[in-house]
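The next block holds one structure in the form of structure tokens; read it before the comments.
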Amino acid sequence: MPLVQRNRELILAFLAMLLIGGLYAAASLTAGIPQAGRLLGHSLGVLGFALMLATETLYSLRKRALRRARRRMSEWLQFHIFTGIVGPYLVLLHSAWSFKGLAGIVVLLTVIVVISGFIGRYIYTAVPRTPEGALIEAEELERLIVEAESALRAGRGSAEDPRAMAPTSAWQILVRGPADLVDRVRRWRALRRLDPAARAAAERVDDLRARLRELQRQAASLSTARRLLAVWHTVHIPLGMALFVAAFYHVGAALYFATLQR
Amino acid sequence: MKRPLGCLTGAGLLAAALTAAVITATAFASSQKLFSPGELSAASGAPLGGVSTHASLEADCAACHPAFWSAVTMGDRCLGCHTQIADEIGDASRLHGELATPENCRDCHTEHHGRAAGLTTVDQVDFGHDRVGFVLTAHRADLAAPLACRDCHTESLRTLDIQDCAACHFTLDSQFLGDHLLSFGTNCLECHDGIDSYGADWDHATTSFPLLGAHADLVCTRCHLAMHTLEELHRTPQQCIECHAADDLHAGRLGEDCRSCHNPGTWQDATIDHELTGFVLEASHALADCLGCHVDRLWWGIPTTCIGCHAADDHHAGRFGTDCGTCHRPTTWADWSFDHNLAAFRLTGAHINAPCLACHTGGSFRGTPSACGACHAEPSVHAGMFGTSCGTCHSTSAWLPASYNGPHRFPMNHGGAGGSCGRCHTGGLTGYTCYGCHDRAEMADKHSDLGDFSNCMACHPTGDKPEEGGGGGDGDGGDD
């Protein structure tokens with residue numbers, strides 16, 4: 001799967017942040033930084049918090065909606081990630097760069113939960129799943145590996161032994177990203193030296209080999225990755241709950257002190 | 001079994017409960033300071049409520065924020081310290097009189113924006129400045145960039161130094177403002193409420209007295225002298241005579257409504273409806289110069305009779321009296337017509353076309369005799385027999401035919417003459433002849449026995465056959 005398509009939600013979130021940031025900068029230059037208690041600042045906070053609530057609830061509800069499920073889990077996850085980035089970003093702008101009192105604590109918790117979310121997504125990708133997002137069990141994973149090896153041989157590619165380099169420890173799972181990046185650069189350089197026709201064929205073989213390597217790695221680290229994801233859930237969910245409780249306190253206090261109390 | 005939401009795990013619920021507990025406890029412990037969005041202002045003033053800055057109250061949130069179950073409001077807390085403001089509320093003559101209520105302090109005054117932040121935030125675009133007695137309409141409409149509060153309220157938002165008005169308006173039009181201040185004084189707010197500029201561009205037509213004609217060039221003080229308030233300006237006289245009594249050359253004789261003749265442009269360009277005076281200007285009178293009649297600008301007491309003005313023009317030297325209009329029309333003197341029927345002697349028949357001077361000889365139109373004989377001497381043909389009562393026999397149309405019905409010695413209808421005098425009186429009325437009808441030779445033959453039969457009437461006085469013993473005579477007639 002191409003890099004852009006694989007990270008579509010991240011790119012969209014980044015673009016949304018750029019757009020919102022631009023508008024925020026323009027408003028700041030025109031009338032000063034939008035104060036949290038003014039119309040624009042309030043709007044940022046309300047919208048951001050609504051997106052965060054959507055982040056927290058919609059994906060979980062979809063995961064449990066087995067009978068009347070709408071759209072694929074992976075799409076819901078993309079939406080979850082998008083709102084999980086843009087929502088906190090709006091909350092950050094709502095703070096007007098003042099991090100005092102409970103409001104400051106809420107912003108801090110938001111940042112922590114977002115970082116935790118990034119880590120969770122990183123671990124999540126180490127666990128093999130169907131395109132719909134369902135977990136792939138070990139037997140199914142072995143079958144996919146055999147299919148990939150056959151396809152690779154049909155494509156006249158030599159099957160390396162990726163199992164030797166497959167991560168098996170939690171640490172190796174966490175740091176697999178840089179190793180993947182180095183490998184990508186190495187293969188790109190090798191392909192660049194070929195003529196166009198040979199490069200196209202080699203790219204097909206390379207993709208098959210990468211798919212095989214990914215499957216073999218997931219098979220080798222399946223139990224470790226799942227255990228790591230469970231640990232992450234154990235930390236992330238309480239953080240998220242603490243964030244939302246604090247946020248509700250903040251909203252209640254703001255409504256009472258800044259609006260209702262005369 | 002239905003799986004709970006992902007977040008509703010034991011750890012998640014525990015974390016939520018712990019967070020709520022910690023926040024609640026911290027809030028109570030910090031006297032709600034946990035919820036403070038920022039520092040309080042350090043701006044100092046006269047000590048109120050035991051402190052001189054809000055920052056001094058930072059540790060005591062309840063000083064301003066009463067508990068939600070309390071009947072006391074934040075406004076009560078504000079006014080509890082700021083008693084001077086509490087006194088202003090309701091007093092329309094003071095800043096907070098119309099603006100503020102105990103419930104809306106926060107609409108303008110905010111806190112928790114830092115030590116150095118201002119305590120008053122006013123929406124400079126939508127602030128209802130009219131509620132303090134001065135509308136910002138003109139100040140907003142005429143400026144490219146909106147005025148900031150401090151542009152006028154340089155010292156304090158609660159005060160306005162009139163010098164600040166002058167300082168700014170001097171830069172706009174120093175000449176005008178200098179004159180204006182000299183004329184109307186320096187208390188701008190006595191007249192100006194901000195709706196209008198009242199400056200050079202102000203349109204006086206928006207009032208009930210548009211400046212027309214020469215009025216438009218006057219300086220304001222010409223009419224509004226020593227008027228310093230709107231009430232005084234509104235009482236400015238609007239009737240002509242109230243300002244122009246001294247200009248009235250008519251000395252009041254033409255009334256006080258100058259506009260009935262004059263326009264606002266100039267006194268000289270007057271138009272009068274002369275009909276209103278009772279003397280309608282017709283024909284050449286309408287074209288005449290006013291001063292032709294109103295000599296020496298005497299507008300009152302001018303005679304309305306013809307002779308009053310035209311005595312010198314009377315070519316009749318008064319012989320026709322003074323009522324020129326009897327004969328003459330107002331166009332020209334030559335345009336006249338005399339109705340002789342109005343005189344004792346009505347013109348009929350041939351008299352109508354007779355030249356006036358044929359009767360009125362010597363230019364005399366009065367005392368002209370009306371007897372026929374005064375003009376018509378008895379003709380010789382009458383031989384003095386009929387006198388001067390011409391009308392007995394003649395009409396005024398012509399001398400002839402005439403009809404005589406007076407005494408006659410011989411039947412006038414003899415022989416079917418029918419009153420035709422010439423049938424018998426062929427040679428004149430003093431004689432007659434019968435031979436016009438009776439042949440002379442025949443008569444001579446018949447009267448051969450008579451020596452003289454020339455006097456027919458001697459024997460035939462009634463024209464009948466002769467009576468016995470009648471004398472003869474010449475039929476050529478004797479005296480009638």
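Convention: sequence-line order gives letters A, B, ...; per-chain numbering from 1. Heavy atoms only: backbone and side chains are in, while hydrogens, waters and symmetry mates are out.
By a heavy-atom distance cut of under 4.5 Å, not one residue of residues 161-169 of chain B is near chain A.
Looking at B/Ala21, there are no atoms closer than 4.5 Å to chain A (heavy atoms on both sides), in backbone or side chain. Looking at B/His112, neither its backbone nor its side chain comes within 4.5 Å of chain A, counting heavy atoms on both sides. For a residue to count as touching a neighbouring chain, one of its non-hydrogen atoms must lie under 4.5 Å from one of that chain's; by this rule A/Ala254 does not touch chain B. Of the two parts of B/Pro66, the backbone and the side chain both hold a non-hydrogen atom closer than 4.5 Å to a non-hydrogen atom of chain A. Contact annotation for B/Thr73: both backbone and side-chain heavy atoms come within less than 4.5 Å of a heavy atom of chain A.
Screening residues 50-71 of chain B for salt bridge (Lys or Arg N to Asp or Glu O under 4.0 Å), with sequence neighbours left out, gives B/Glu58-B/Arg115.
Aromatic ring orientation, B/Phe35 versus A/Tyr249: parallel (interplanar angle below 30°, classes split at 30° and 60°).
The candidate with the highest count of non-hydrogen atom pairs below 4.5 Å against chain A, out of B/Cys78, B/Gly38, B/Gly75, B/Ala20, is B/Ala20. With respect to chain B, the highest number of heavy-atom pairs below 4.5 Å among A/Gln35, A/Met241, A/His233 belongs to A/Met241. Of the listed residues (A/Pro238, A/Ala96, A/Gly101), the one with the most heavy-atom contacts under 4.5 Å to chain B is A/Pro238.
Partner of A/Ile105 under the side-chain contact (heavy atoms from CB on, under 4.5 Å) criterion, out of B/Thr19, B/Thr26, B/Ile23, B/Leu34: B/Leu34 alone.
Under a cut-off of 6.0 angstrom, the local environment of CZ in A/Phe14 is sparse, with at most 12 non-hydrogen atoms contributed by other residues, nucleotides or ligands. Residue-environment remark: CG (A/Leu18) exceeds the threshold of 12 foreign heavy atoms within 6.0 Å.
Here the OG1 atom belonging to B/Thr110 is positioned 6.0 Å from the CZ atom belonging to A/Arg38, to the nearest 0.5 angstrom.
Contact detail for B/Arg106 and A/Phe257: the closest heavy-atom pair is NH1-O, 2.6 Å.
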